[in-house]
Amino acid sequence: MPDVAAPIGAVSRGAAGRGGLDPRSKILLVLAVSLAVMSPGGLVFVPAGIVLATLLAVTEGAWRRAVAIPVLAVLMYLLGWVLPLLWPNPLVTVVAIGCGYLIRFVAAFGVGAHFIATTSPTQLSAALRAWRLPRALSVTLAVMLRFFPVVAAESAAVLDAMRLRGLAGATGLARHPILSMERFTVPMIAASLRASEDLSASAILRGLGSRHRPVSLDPPRFGWPDLVLVLALTVFAAASLLLPNLLTMVIA
């Protein structure tokens, strides 16, 4: 496993070229979009955030996400804005209020998914070190970024095993609710412990805890993709403020 033996903070050139953007730009992008769409008047920026998240998914070749983001956004719009006009009743009002918040998360999670998919833990560590953040914070975030995909893979394996035994899905959960939760929880706890041990061994091999400052083989640098991102964000922000918005027009 060459990735485990590589020095901590070393960034693969192949991995660095996948996203095109500097990791620091992607971090700021996630923060900016999240703050914009989750603010009290954030509905104005939601369409631009959804378009931006879809474009980012297309640039990295994540076609499922590129389709899922606009489909979910359209579904939330139909349930939250169109359905109350066609069928007004208290239940639809509750659903509409929920969709009014969930559509914000579609934009925020879409941009966040691009950051997670195109940023390796070593890239994240190098970016945080370039910002001179404390090592305790940078190491914690990098380990979290590596831990979540491991847990997701383990949970998929556990669900496959449960499906073979007829314990997965709505039918299995309805027939054996306690047994299904037990058969999922216990293996996941064991898998999480194994993953933490593997990450600890990898961290030791990478020199984690050393007094010497790690040096990145390919340090993060701002380039023309970051300039394009700034221009795109400026255009999207101006369009959100100047152009008519269906989410606010219907409410008004």
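- Between Ala107 and Gly49 the shortest heavy-atom distance is CB-C, 3.9 Å.
- Within the 4.5 Å cutoff, the side chain of Leu29 has heavy atoms near those of the Leu52 side chain.
- Side-chain atoms of Asp226 never come within 3.5 Å of backbone atoms of Ser25 as a donor-acceptor pair (strictly under, hydrogens ignored).
- Contact of the Asn245 side chain with the Leu43 side chain is not registered, since no non-hydrogen atoms from C-beta on lie closer than 4.5 Å.
- Note on Leu164: it does not cluster hydrophobically with Met188, by side-chain heavy-atom contacts below 4.5 Å among ILVMFWY residues.
- Minimum heavy-atom separation, Ala195 to Val150: CB-CG1, 3.5 Å.
- Distance check, rounded to the nearest 0.5 Å: CZ of Phe45 to CG of Leu233 gives 11.5 Å.
- For the residue pair Gly80 and Ala96, the shortest heavy atom distance occurs at O-CB, 3.4 Å.
- In this structure, Thr54 and Pro70 approach most closely via the heavy-atom pair OG1-CD, 3.7 Å.
- Crowding of Tyr101 atom OH: a count of heavy atoms from other residues, nucleotides or ligands under 6.0 Å not exceeding 12.
- In the hydrophobic clustering of ILVMFWY residues, with side-chain heavy atoms under 4.5 Å counting as a link, Val82 and Leu72 come out together.
- In this structure, Leu75 CG and Leu79 CG are separated by 4.5 Å, a value rounded to the nearest 0.5 Å.
- Ring pair Tyr77/Trp81 is parallel by interplanar angle, where below 30° counts as parallel and above 60° as perpendicular.
- Minimum heavy-atom separation, Val92 to Asn89: N-OD1, 2.9 Å.
- Under the 4.5 Å side-chain contact rule for hydrophobic residues, Leu55 and Val235 do not share a cluster.
- One distance of note links CZ of Phe109 with OG of Ser34; it measures 8.5 Å at 0.5 Å rounding.
- Counting heavy atoms from C-beta outward, Val30 and His114 have side chains that stay 4.5 Å or more apart.
- Between Val33 and Phe236 there is no side-chain heavy-atom pair separated by less than 4.5 Å.
- Note on Leu179 and Val158: same hydrophobic cluster, where clusters join Ile, Leu, Val, Met, Phe, Trp and Tyr whose side-chain heavy atoms are under 4.5 Å apart, directly or indirectly.
- Residues Ile27 and Thr119 form no side-chain contact, since every pair of their non-hydrogen atoms from C-beta on lies 4.5 Å or further apart.
- Note that CD of Gln123 and CZ of Arg24 are 11.5 Å apart. Values are rounded to the nearest 0.5 Å.
- For the atom pair Ile97 CD1 and Leu102 CG, the distance stands at 12.0 Å (nearest 0.5 Å).
- Counting heavy-atom neighbours within 6.0 Å of Arg65 CZ, excluding the residue itself, gives a total above 12.
- Note that OG1 of Thr59 is 10.0 Å distant from CG of Leu229, once rounded to the nearest 0.5 Å.
- For Leu231, the CG atom is densely surrounded, since the number of other residues' heavy atoms within 6.0 Å is greater than 12.
- Side-chain contact between Pro225 and Leu21 is present, with heavy atoms from C-beta onward closer than 4.5 Å.
- The hydrophobic clustering, which links ILVMFWY residues whose side-chain heavy atoms are closer than 4.5 Å, places Leu246 and Ile103 together.
- Checking side-chain atoms of Arg104 against main-chain N and O of Val37 turns up a donor-acceptor pair under 3.5 Å.
- Side-chain contact between Leu56 and Thr118: absent, with no pair of heavy atoms (C-beta onward) separated by less than 4.5 Å.
- The shortest distance between side-chain heavy atoms of Leu78 and Leu83 does not fall below 4.5 Å.
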